[in-house]
Structure formats: C-alpha cells, structure tokens
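Okay, so here's the structure we're looking at.
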Amino acid sequence: MGLRESNKAERRRRIQRATLEVLAEKGFDNATTREIAQRANVAVGTIFLYARDKVDLFLMSINDDLDQLTDAAFAELGDDQPLLDQIITFFRHRYAFWSRHPDLYRAATVGRASSYPPPESEGGGEAEMARGIGRRVQALQRLTQILERGVTNGRIRPGENIPALARILLDIYLIEMRFWLSSDEPQIDDGMAKLRYLVDVIIALVRP
C-alpha cells in the first residue's frame, strides 16, 4: 500500500471509530456529522468523501467488523461439538458484538437505518446496504454448512430441507436479538439461553 492509500485508510479508520463513539455517547438522532468530523480530526467535507450522511457513516463503521464476524465464528466450530452447541457458538459472536453497541443496533434494525436508503436515493448508501444483505447471505451459507455436517454426522435426519432450516434459524436469531436488546441492560448469557431454548425446539424436530 502506497503512502496515499495508507493515509486514506487511516483516515477511514479514524472516522469509523469516531462515528461509533459519538453515536454511542449522543444517541443516533442527536449526533451530528460535524461532531464526528471533529472527533476524527478531519474536515467536515472529508466525511462526505467516505459516506453520504450519518446513516451511511454508521453502516460503514459497523460493516467492516461484521463482515469478519461470520467467518471467524464458523472457524471456531468443530465437528466433535454437539450440533446445538455449534449453532449457539456461531451466533454468540454476534451477541457479543451488539452487546457493545445496543443503541446502535436499534438504529440499524428498527430505526432510521433499517429503511435506508429510501427507494429514490442514489449514492454510497446502497453499497453499504448491499454489504449488509451480502452478509446475511453469507450467514445463511455458513448455517447451511453447519446443518449439512449435522446430516453427515447423523445428528439430522437425511432428506430434511436444510436451506429452509437455516433460514428459520437465522430468522429466530434476528427476532430474538431485537427482543434481547430492547431490555435496559442486555446480558449475553440471558440472551443466549433464550436463543438456545428456541433453537433446540427446532433442532428436535429434525433429529433422527
């Protein structure tokens, strides 16, 4: 990486870090791009070289970390683990990430960012939203792999609709995550216990 590219990457990291810090301190609606620029020690105009607005900044700031999360979680799994433990371990990384940013998760899923960008918009926001959609596809693929290994290892009956089962498990996680983060002080162990119970109910339906 040349000096120019290195400097640009460093500015981007400062902007990402400042975005998460300011949004966490001020709340999504009260934070301003001017405050984020000051925290990152860049001009306000520089912010808009990387993102169109505050929502786009937020998405850009979480996407890099979340893009690495799915594969990192999958890499920790072993065939010798019970199937239920593998699935819960896979999701636990996401609970750990969002426990550090509960208010920002609400903005991403039930607030303004969840419907961003509006249909008529153009610009960088679509790229960051596309990364989020691609990450969901990636999670489905990894869940499908976990379940297919479960079939191979005799933990799931042959002939089950594995892609549909993976989709059900991901949807359960997304719903439970919202309930969990709606509490005042979400605790990871509490959230994981409730998720584990529901996942076990589903897995019980397809066990040999």
Side-chain angles (χ1 to χ4, degrees), residues 19-31 54-55 58-74 76-77 81-117 128-129 131-147 150 156 160-207:
T19 298
L20 292 179
E21 289 175 357
V22 173
L23 291 179
E25 292 171 11
K26 298 294 186 69
F28 193 84
D29 288 329
N30 293 327
K54 186 169 56 177
V55 180
F58 166 63
L59 293 172
M60 181 190 77
S61 298
I62 64 172
N63 270 339
D64 285 356
D65 287 340
L66 287 173
D67 281 349
Q68 301 175 35
L69 207 60
T70 298
D71 286 338
F74 184 80
E76 286 190 13
L77 307 181
Q81 291 178 282
L83 178 61
L84 179 60
D85 289 348
Q86 291 186 51
I87 295 170
I88 294 304
T89 298
F90 180 76
F91 285 127
R92 188 179 184 91
H93 286 70
R94 294 162 181 259
Y95 272 69
F97 178 87
W98 288 116
S99 69
R100 299 193 296 271
H101 309 291
D103 292 336
L104 302 186
Y105 179 88
R106 298 182 191 110
T109 58
V110 298
R112 294 168 60 189
S114 63
S115 59
Y116 179 83
E128 296 300 335
M129 288 296 288
R131 288 176 67 186
I133 294 170
R135 193 164 51 247
R136 186 169 299 191
V137 172
Q138 178 192 26
L140 279 171
Q141 291 171 339
R142 289 305 196 186
L143 277 172
T144 299
Q145 289 179 265
I146 294 170
L147 297 171
I156 295 177
E160 296 293 339
N161 189 335
I162 297 303
L165 183 59
R167 174 64 183 271
I168 290 169
L169 293 176
L170 184 61
D171 286 348
I172 289 173
Y173 151 75
L174 291 170
I175 294 170
E176 279 302 301
M177 176 69 74
R178 292 193 186 195
F179 280 128
W180 176 62
L181 285 174
S182 67
S183 62
D184 292 334
E185 296 183 3
Q187 301 297 317
I188 295 177
D189 288 342
D190 292 341
M192 297 309 302
K194 293 176 181 176
L195 181 65
R196 185 183 185 91
Y197 169 77
L198 293 173
V199 170
D200 192 33
V201 169
I202 300 301
I203 296 301
L205 300 175
V206 296
R207 287 192 182 109

Less than 4.5 Å apart, any side-chain heavy atom of [X] and any of [Y]?
{"X": "M192", "Y": "L195", "result": "yes"}
{"X": "F74", "Y": "L143", "result": "no"}
{"X": "I188", "Y": "W180", "result": "yes"}
{"X": "T70", "Y": "H93", "result": "no"}
{"X": "R142", "Y": "D71", "result": "yes"}
{"X": "E160", "Y": "L165", "result": "no"}
{"X": "R100", "Y": "L20", "result": "no"}
{"X": "L66", "Y": "L69", "result": "yes"}

CA sep, side-chain torsions, deciding dist, call: K54, T19, side-chain contact (heavy atoms from CB on, under 4.5 Å): CA-CA 8 Å; K54 186 169 56 177; T19 298; over 6 Å; no
Going from [atom1] on [X] to [atom2] on [Y], what distance comes out if it is rounded to the nearest 0.5 angstrom?
{"X": "I203", "Y": "L198", "atom1": "CD1", "atom2": "CG", "result": "12.0 Å"}
{"X": "M60", "Y": "N63", "atom1": "CE", "atom2": "CG", "result": "9.5 Å"}
{"X": "R167", "Y": "L140", "atom1": "CZ", "atom2": "CG", "result": "6.5 Å"}
{"X": "L169", "Y": "L174", "atom1": "CG", "atom2": "CG", "result": "11.0 Å"}
{"X": "R92", "Y": "S99", "atom1": "CZ", "atom2": "OG", "result": "9.5 Å"}

I87: which of L147, L77, I202, D200 passes side-chain contact (heavy atoms from CB on, under 4.5 Å): L147
Do you know which two heavy atoms are closest between [X] and [Y], and how far apart they sit?
{"X": "P186", "Y": "L181", "value": "CG-CD2, 3.7 Å"}
{"X": "G150", "Y": "L83", "value": "CA-CD1, 4.5 Å"}
{"X": "T144", "Y": "P163", "value": "OG1-CA, 4.3 Å"}

E176 backbone acceptor or donor facing K194 side chain under 3.5 Å: no
Check: Q86 side chain, Q81 main-chain N or O, donor-acceptor pair, under 3.5 Å: yes
Crowding at CZ, R207 (>12 non-hydrogen neighbours, <6.0 Å): yes
F179 CZ: over 12 foreign heavy atoms closer than 6.0 Å: no
Parallel, tilted or perpendicular: ring planes of Y173 versus Y95, cut at 30 and 60 degrees: tilted
